[in-house]
2 protein chains.
Amino acid sequence: MASEHIVSAFDQELNELKNKVSEMGGLAESQLVNALEAMQRRDTDLASRTIESDARVDEMEHEIDAFVVQLLALRQPVASDLREIIVALKISSDLERIADYATNVAKRTMTLAQSPQVRPAHAIPRMGRLAISMIFDVLDSYSDRDTQKAIAVWRRDEELDEMYISLFRELLTYMMEDARSISSCTHLLFIAKNIERVGDHATNIAESIYYLVEGRPLLQSRPKGGDEEYDRVDAPPDR
Amino acid sequence: MASEHIVSAFDQELNELKNKVSEMGGLAESQLVNALEAMQRRDTDLASRTIESDARVDEMEHEIDAFVVQLLALRQPVASDLREIIVALKISSDLERIADYATNVAKRTMTLAQSPQVRPAHAIPRMGRLAISMIFDVLDSYSDRDTQKAIAVWRRDEELDEMYISLFRELLTYMMEDARSISSCTHLLFIAKNIERVGDHATNIAESIYYLVEGRPLLQSRPKGGDEEYDRVDAPPDR
């Protein structure tokens with residue numbers, strides 16, 4: 001009887017931990033949604049509110065960290081309970097980074113809004129929508145313990161990488177054609193990179209979910225995209 | 001007697017964990033040293049060896065993760081032992097990122113080596129030396145449990161941020177002056193950003209060491225540098 005009571009209290013705590021992670025996920029997702037909407041509408045008020053709300057995400061990461069340490073010390077979990085706790089720690093750290101990248105997008109939006117809009121900016125919302133859908137689905141797969149959905153997110157990152165590489169080239173070409181666009185395009189370059197990185201963290205979360213459910217790491221190797229090797233763009237001939 | 005034996009075996013395991021983290025730190029530091037040397041000497045052989053050796057760092061992170069899970073499950077540690085284990089997990093994740101950033105510098109070096117050298121490249125080694133010294137000192141402070149040294153690293157990040165902002169401006173100006181430099185300068189921009197991010201992770205490690213030794217978080221707030229708000233550079237007048 002006493003033992004049953006203890007187990008059930010622990011189950012409740014694990015559930016609370018899971019809810020905290022999901023809540024933090026919802027906040028990180030809103031950060032990204034708001035940052036991208038602010039960018040698209042050139043809405044500096046929304047951008048500035050987005051920057052402010054990042055503090056709450058950081059706070060939640062600390063709460064989860066503290067809760068994890070407490071659970072480890074008091075409950076001394078093993079097997080799947082231990083994985084549940086370790087994975088909460090890992091996912092919350094990925095979510096904190098995602099919210100940070102979103103905040104960075106909002107900060108750059110504040111600066112971009114002061115300059116005339118440049119053409120390649122229109123490709124960003126598409127990248128943004130893909131990244132948002134990855135976060136949405138990976139959080140769903142965390143709630144439902146759905147490894148198939150997690151693996152699907154993990155695969156979709158390749159598409160985001162390809163969009164990034166193509167936008168990178170477009171931005172470089174645009175900068176070469178019009179020196180006045182260089183400052184704005186550089187911010188867009190970093191915004192695109194931030195969104196690409198959000199996808200990497202969604203991928204990490206997908207891997208954590210796989211480990212949580214299956215008890216072993218996801219060992220398939222996903223082609224790692226990036227702009228390191230593909231982004232040489234030759235300057236146009238001298239004018 | 002039996003209990004003493006168990007405690008001492010556990011102490012040995014904690015020591016092994018600490019050594020693994022230090023070893024991984026040494027690898028991440030070498031990655032950065034080699035990547036920056038390759039960049040400075042335009043040495044594509046060294047850059048390519050640096051890219052290859054990143055796999056070993058990733059492997060070590062997995063080893064440490066697995067060891068941490070094993071220790072938590074078998075030893076059910078509390079208090080400072082638990083902190084030791086949690087902090088090893090956090091530090092190894094920061095070290096993995098540091099090595100990733102170094103690898104990214106090496107990848108971009110491969111591309112940069114194919115183009116004529118641009119002037120602002122000379123400012124990168126200075127940033128690199130500062131970042132390397134931060135990694136070196138923070139690993140030292142981990143070995144010695146020296147919070148004063150950790151706090152000093154934590155403070156030094158501001159200098160790195162300032163160097164980054166000034167280099168960012170220089171690169172933008174240079175791109176505006178010479179469209180043929182845009183592709184190279186963009187890689188330098190990302191290299192500089194990578195080094196700036198290495199500093200952020202050294203800062204995280206410093207915070208982890210403080211928490212490990214003091215049992216509470218380092219709550220002072222450090223001004224977070226970055227290029228989001230300071231990097232508007234106006235285009236030169238139309239030519």
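Note on naming: letters A, B, ... go to the chains in the order of the sequence lines (proteins, then strands), and numbering restarts at 1 for each one. Predicted, not measured: the structure shown is a model, and the values here were computed from it.
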N-O pairing of E52(A) and R49(A) below 4.0 Å: no
Atom group of M110(A) that falls short of 4.5 Å from chain B, counting heavy atoms: neither
Side-chain (N104(A)) to main-chain (D100(A)) donor-acceptor, under 3.5 angstrom: no
NZ/NE/NH1/NH2 to OD/OE distance under 4.0 Å, R56(A) and E63(A): yes
Main-chain N/O of E61(A) paired with E96(A) side-chain donor or acceptor, under 3.5 Å: no
Contacting region of D81(A) [heavy-atom separation from chain B under 4.5 Å]: neither
V21(B) and V87(B): CA distance, side-chain angles, deciding distance, side-chain contact (heavy atoms from CB on, under 4.5 Å) verdict: CA-CA 10 Å; V21(B) 172; V87(B) 158; over 6 Å; no
Which of V78(B), L89(B), I182(B) touches chain A most, by non-hydrogen pairs under 4.5 Å: I182(B)
Residue, of I85(B), V68(B), L72(B), I86(B), that accumulates the most heavy atom pairs under 4.5 Å with chain A: L72(B)
Proximity breakdown for L189(A) and chain B, heavy-atom pairs closer than 4.5 Å: both
